[in-house]
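The shown structure was predicted, so the numbers you read here are calculated from the model rather than taken from an experiment. The sequence lines fix the lettering, A, B, ..., with proteins before strands; numbering per chain opens at 1.
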Amino acid sequence: MNERQNRKLHLTDILVTIVVALVFGLVFRLLGPVYDLFKIFGLQLDAFIYGIWFIAGPFAALLIRKPGAALLAETAAAMAEVLFGASGGIMSFYYGVLQGLFSELIFAAWRYRKFTISVAMLSGFAASIASFIVDLFYGYLTYLASWNFALSLIFRMLGGAIMAGALAYALVKALEKTGVTHLVRPVTKDDYDALK
Amino acid sequence: MDAIWASTEKWFFKINPSLKFATIASLFIVYLFVHNLNTMIWTAVLFAMLYFAVNGLAGKLAFGLLSLILVFSALSSTAMVFFGKGTHVLFDWYLVVISEESLARGILIGLRTFIFSILGLIMASTTEPVPFFYSLMQQLKVPVRYAYGCLAAFRMLPMMGEELVHIRQAMRVRGLLRKKGMRARYERLKRYTVTMLAQSIRRAQRTAVAMEAKRFSMSQSRTFYYEIGWSRYDLYFLVLIFAAAALGFFLAFWFPLTPYTDVLDQ
């Protein structure tokens, strides 16, 4: 199989990516109440945990290692939110697609050859910027008091890099030990060498 | 899924799902650029009425989801209300400065969240997943493997939910839920996700292999079990949504409830 064909998303990759996005959605339902608690104070503390919503993108890219995985993961997660009538409704769809796109761009910039923790963190960071772009229109962020605006900016970006990037990397590393990653990743040259 | 529907016979269920989705998605763009508080108030009222008229959910659930949205919308306005910029100060306490302007903008953001949520809910409460994905394939030409992938994944949700309960029970038996602190919280999160992910990935991979063997991902010259087409209800829907949106703007002009016609004005 040549490399080009190998890099296309097959049904297996698609199903795994969507399922992964749904798992994150389910697990974070448990976190939901905690998130809302942070939000009450209006101090933008929630912006730090906000990063966790971007995790599906970088995680899927690190897991599947093919073009389109990050975008698909975030889009599927957003679609599920719309279909299940989650709070936020139709706006989750736009957030999801844009975040996935920005996450994807970072991996594309390295031509899907580098899957290190720094690239993952950059990807999470990019997703946080995407969410910020929508928020600028949506939440009039620039009309907040400057200290509050700065707080939300810093927390959101730190949160994106750490919660979505570094945590995704840690989870993929943990998952590699279980052996399931062999099921879904494209065959590499190392795998062939191991057969010699 | 069957327990939550009270009636799937209402006419909103007969609208082409792709059209419904595209219409509601484009309304997002419209209300993202409305800065008139009166328009938002009237629109929120109108769409809430529409939601109650058309949804196919059981009565209690319909109210429950609405109240969730209300709380969520109120929370989304807190930062702007308490910490927004403004000159006509109403209340001042350390960092909290509530001004007329920040209050108006905060309420508008809350209403905007409410409108987007209620639009999403109108879509969610009148659309079944199976026709929706079939329509995506047929009208929007979404590649077959993506749509079937979504459908298969959604069917796995109940299994995943059950697994989550099992892991929770296993952790409770072993006393892991009693540990406190950030470290324990992180370990717990990792335990949940890694276990869930490993199981789900294995299941998804097995299912996908079976589906590919049955040519689910074939795209040339295929037929569909469900044919989703167009009907007169699509036209009714477009007219109704357009009328509701237009009425929101007119009512704001005829009966302005507040003096804030542009909350971005200083």
| field | Minimum side-chain heavy-atom gap Leu167(A)-Leu189(B) below 4.5 Å | value | yes

| Side chains of Val19(A) and Met160(B) in contact at under 4.5 Å (non-hydrogen atoms) | yes

Identify the heavy atoms of [X] and [Y] that sit nearest to each other, and give their distance.
X: Val194(B); Y: Ala174(A); result: CG2-CB, 3.8 Å
X: Val82(A); Y: Ala124(B); result: O-CB, 3.3 Å
X: Ala79(B); Y: Asn148(A); result: CB-OD1, 4.5 Å
X: Val23(A); Y: Ser200(B); result: CG2-OG, 3.4 Å

What's the spacing between [X] [atom1] and [Y] [atom2] if we round to 0.5 Å?
X: Leu144(A); Y: Met80(B); atom1: CG; atom2: CE; answer: 4.0 Å
X: Ile201(B); Y: Leu183(A); atom1: CD1; atom2: CG; answer: 8.5 Å
X: Thr193(B); Y: Leu171(A); atom1: OG1; atom2: CG; answer: 4.5 Å
X: Leu26(A); Y: Glu163(B); atom1: CG; atom2: CD; answer: 10.0 Å
X: Met79(A); Y: Tyr146(B); atom1: CE; atom2: OH; answer: 14.5 Å
X: Thr12(A); Y: Arg206(B); atom1: OG1; atom2: CZ; answer: 13.0 Å

At a heavy-atom separation under 4.5 Å, does [X] approach chain A through its side chain, its backbone, both, or neither?
X: Met211(B); value: both
X: Phe114(B); value: neither
X: Ser125(B); value: neither
X: Tyr186(B); value: side chain
X: Ser26(B); value: backbone
X: Ile118(B); value: neither

| field | Centroid-centroid distance, Phe21(B) to Phe93(A), less than 6.0 Å | value | yes

| message | Tell me if the aromatic rings of Phe149(A) and Phe83(B) count as close, with their centers under 6.0 Å from one another. | response | no

Between [options], who has the most heavy-atom pairs with chain A when the cutoff is under 4.5 Å?
options: Ser217(B), Gly120(B), Ala204(B); result: Ala204(B)
options: Ala152(B), Gly161(B), Pro143(B), Ser117(B); result: Ser117(B)
options: Leu119(B), Thr113(B), Thr127(B); result: Thr113(B)

| Take atom CZ in Arg202(B); do more than 12 heavy atoms of anything else shown fall under 6.0 Å from it? | yes

| Within a radius of less than 6.0 Å around CZ of Phe63(B), do more than 12 heavy atoms belonging to other residues, nucleotides or ligands occur? | no

| task | Name all residues meeting the side chain to side chain contact (heavy atoms under 4.5 Å, CB included) criterion together with Ala77(A); count only those two or more places apart in sequence or in a different chain, and write none if there are none. | result | Ala21(A)

What part of [X] gets closer than 4.5 Å to chain B, counting heavy atoms only: side chain, backbone, both or neither?
X: Val20(A); result: both
X: Thr142(A); result: backbone
X: Ile14(A); result: side chain

| Residue selection (most heavy-atom pairs with chain B, distance under 4.5 Å) from Ser146(A), Ala80(A), Ala170(A), Ala145(A) | Ala145(A)

| remark: Only residue of Tyr138(A), Tyr140(A), Tyr143(A), Phe137(A) satisfying ring pair (Phe, Tyr, Trp, His ring centres under 6.0 Å) with His35(B) is Tyr140(A)

| query | Pick one: which of Gln205(B), Arg203(B), Met156(B) meets side chain to side chain contact (heavy atoms under 4.5 Å, CB included) with Leu15(A)? | reply | Met156(B)

| query | Do Ile90(A) and Tyr31(B) pass the side chain to side chain contact (heavy atoms under 4.5 Å, CB included) test, and can you show the C-alpha distance, the side-chain angles, and the key distance before you say yes or no? | reply | CA-CA 12 Å; Ile90(A) 195 71; Tyr31(B) 291 110; over 6 Å; no

| field | Contacts with chain B made by residues 94-108 of chain A (heavy-atom distance under 4.5 Å), listed by residue number | value | Tyr94(A)

